[in-house]
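Data block below; observations after.
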Amino acid sequence: MADDRTLTPRAEDFSAWYNELVLRAELADHSPVRGSMVIRPWGYGIWENMQRALDDMFKATGHENAYFPLLIPMSFIEREKEHVEGFKPELAVVTHAGGKELEEPLVIRPTSETVIYSMFAKWVQSYRDLPILMNQWANVMRWELRTRLFLRTSEFLWQEGHTAHASEPEAEEETRRMLEVYRQFMQDWIAMPVVTGLKSESEKFAGALRTYTCEAMMQDGKALQAGTSHNLGQNFSKQFELTFQNEEGVEAFAWNTSWGVSTRLVGGLVMTHGDDDGLVLPPRLAPVQVVVVPIFRKEEERTAVVERAHQIRSRLQEAGVRVRVDDRDHLNPGAKFWEWERKGVPLRIEIGPRDLAKNQVVLVRRVTPEGADRKAFLDENEALASIPGRLEEFQRYLLERAVESREARSHRGVNSIEELQALVDAPGGGFVYTGWSGDPEVERRIQETTKATLRCIPDPAFRSETPPERCIGGDAPSKMEVVWAKAY
RNA sequence: CGGGGCGUGGCGCAGCUCGGUAGCGCGCCUGCUUUGGGAGCAGGAGGUCCCCGGUUCGAAUCCGGGCGCCCCGACCA
């Protein structure tokens, strides 16, 4: 840590900056168990706001919540070949319970496809029972060798949606629909723009037919896989005999999808918006959107100022704003300013005797565009009425800034591996768009030599105006445009 | 799994080379003065120096063994 008061600047050591910020903003802390974390109230508050927004979106698209158990029979995980291959190395297994060795080991879920589709199989007989549109909020465990708070921990919180459909096109539509829900959520709530697209064979979910992804670009030029949506085909329904009688009375296997986002999104938020002073929160997710800091000298001033601060809080609360009054008296105002800025609160109202006299408040934005005044002196009523609008404006500003930052780190029309390498190795890193023949050998070779991975085959909205002609790997014609980046 | 670093009060660290009363900054408690960008003064509390063993009159310090954590890399949906 740089010292007690400041963070290591991003430009000096981005990784150190991130680690220090997460601890110092009190988002999370290391638990006694290596690789797992305690999410502290400030971090959990952000997650709760994410959950609420996402949950509403899931409900609006027809999904219901349910809960499946933490423990899964080992034999279930082993049922689907690719699935078990993908997860085996990172499974935590319960072998003993009740003082005895178990006959069959139980796996702590790394994800719940197997148990969920085995239950769906019990519940579905007819096409009339379909579709099933379900979601669960849960913890999962994947034993990771190298962990980082929020970005990769052994245990994490997430949601996993699981659906069953009567036809392949319906399942594909669902897969795409939920990917779009994620994209929208990340854009509108986290103010984090993402590139959506299809994962290559080597990067797709173990057991899926196809995996779609949301890829975000962090300030250090590395990509973050922020959410995935899988078309599972009939891989799981075949293994768990999830069948139904169709309209013709013929027995058929159901088509499944699954999709998830996790507390990793909190890490994405930090690395998208944070600055050298600390966290910057998009207002829509901020546990506290406005902090009111009273300033006073004498006792009479204190009474009057603190009373006004609480009036301001009530008025803003009535307008639906999340407000906190920081009336602690063992800290001076400056210390409070730094603290709330470190924690990322979007707006601050300072109110002191001079403001009371003039019926004004001082309004400060967590970040301001280059050259703009940081502090605004405003008529109190006017200021309070403008707060909801200002929060939305701040939300928009963060998104714009993030889009600009991503665009500045996106490189299109790249034709050679050398150029690709130079770009991803440069300090800003970023997304590199190239042509690809679809040959997995090219993908493997590039990954090995450049350490960049194929993030996705972007959806049409993100493709370059002129499609690439040649494959990055050589003289073969390009069959599709792809995005490369170093990734978390 | 490889490489590096670190374990000393709540946090950050010095002390270890060269063994001899365990220190500094921040934080914490009490009081007074302060409060518009990280307050000042005075007084105070708080420690199995990661663990085990050894050397020694004496170990935070030297030796042996162990444990833990962090970082970088490899691996990874």
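All chains are named by letter (A, B, ...) in the order of the sequence lines, taking the proteins before the strands, and each is independently numbered beginning at 1. What you see is a predicted model, and the numbers here were worked out from it, not measured in a lab.
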Note to self: In terms of relative ring orientation, are A:F240 and A:F236 parallel, tilted or perpendicular, with 30° and 60° separating the classes?
What the structure shows: parallel

Next item on the list: Find the distance A:Q447:CD to B:C76:C1' and express it as a whole number of Å.
Entry: 11 Å

Note to self: So if I take every side-chain heavy atom of A:R297 and compare against B:G36, B:U35, B:G37, which nucleotide ends up nearest?
What the structure shows: B:U35

Next item on the list: Spell out, as yes or no, whether a donor-acceptor pair under 3.5 Å connects the side chain of A:T153 to the backbone of A:G35.
Entry: no

Note to self: Taking the cut-offs as 6.0 angstrom to the six-membered ring centre and 45 degrees off its axis, would you call A:R463 and A:Y433 a cation-pi pair?
What the structure shows: no

Produce the list of close N/O pairs, under 3.5 Å, pairing protein atoms with atoms of nucleotides 24-29 of chain B; give distances to one decimal.
residue	atom	partner	partner atom	Å
B:G25	N2	A:D4	OD2	3.4

Margin query: Between B:G15 and B:U61, how many Å separate the two C1' atoms, rounded to a whole number?
Written below: 9 Å

Next item on the list: Specify whether A:W189 and A:F185 have parallel, tilted or perpendicular ring planes, treating 30° as the upper limit for parallel and 60° as the lower limit for perpendicular.
Entry: parallel

Next item on the list: Select from A:E339 and A:A487 the residue whose nearest nucleotide in RNA chain B is closer to the 5' end of that strand.
Entry: A:E339

Next item on the list: Answer yes or no: side-chain N or O of A:K375 and base N or O of B:G37 forming a donor-acceptor pair under 3.5 Å.
Entry: yes

Check: Has A:W338 got its ring stacked on B:G38, by the test of a centre gap below 5.5 Å and a plane angle below 30°?
Finding: yes

Note to self: I'd like the C1' distance from B:G38 over to B:U48, given in whole Å.
What the structure shows: 36 Å

Check: In this structure, which one of A:H162, A:E160, A:R177, A:Q159 forms a side chain to side chain contact (heavy atoms under 4.5 Å, CB included) with A:W259?
Finding: A:Q159

Check: On a whole-Å scale, what distance lies between the P atoms belonging to B:G5 and B:G47?
Finding: 32 Å

Next item on the list: Could you give me the stems involving RNA chain B, meaning stretches of three or more consecutive Watson-Crick or G-U wobble pairs whose two defining distances are both below 3.5 Å?
Entry: B:1-7 with B:67-73, B:10-13 with B:23-26, B:28-33 with B:39-44, B:50-54 with B:62-66

Item checked: A:E341, nearest nucleotide to its side chain (from B:G38, B:G36, B:G37) -> B:G37

Check: Is NZ or CZ of A:K479 both nearer than 6.0 Å to the six-membered ring centre of A:W436 and within 45° of the ring axis?
Finding: no

Notebook entry, point to check: How does protein reach along nucleotides 69-75 of chain B, written 5' to 3' as B (base within reach of a heavy atom under 4.0 Å), S (only sugar-phosphate), or - (no contact)?
Noted result: SSSSBB-

Next item on the list: Apply the test side-chain hydrogen bond (donor to acceptor under 3.5 Å, both in side chains) to residues A:D55 and A:N65: give CA-CA distance (whole Å), side-chain angles for both, the deciding distance (0.1 Å), then the verdict.
Entry: CA-CA 9 Å; A:D55 204 62; A:N65 284 330; 2.9 Å; yes

Notebook entry, point to check: For atom C1', what is the distance between B:G20 and B:U56, given to the nearest Å?
Noted result: 12 Å

Notebook entry, point to check: Looking only at atom C1', what distance separates B:G68 and B:C28, rounded to whole Å?
Noted result: 27 Å

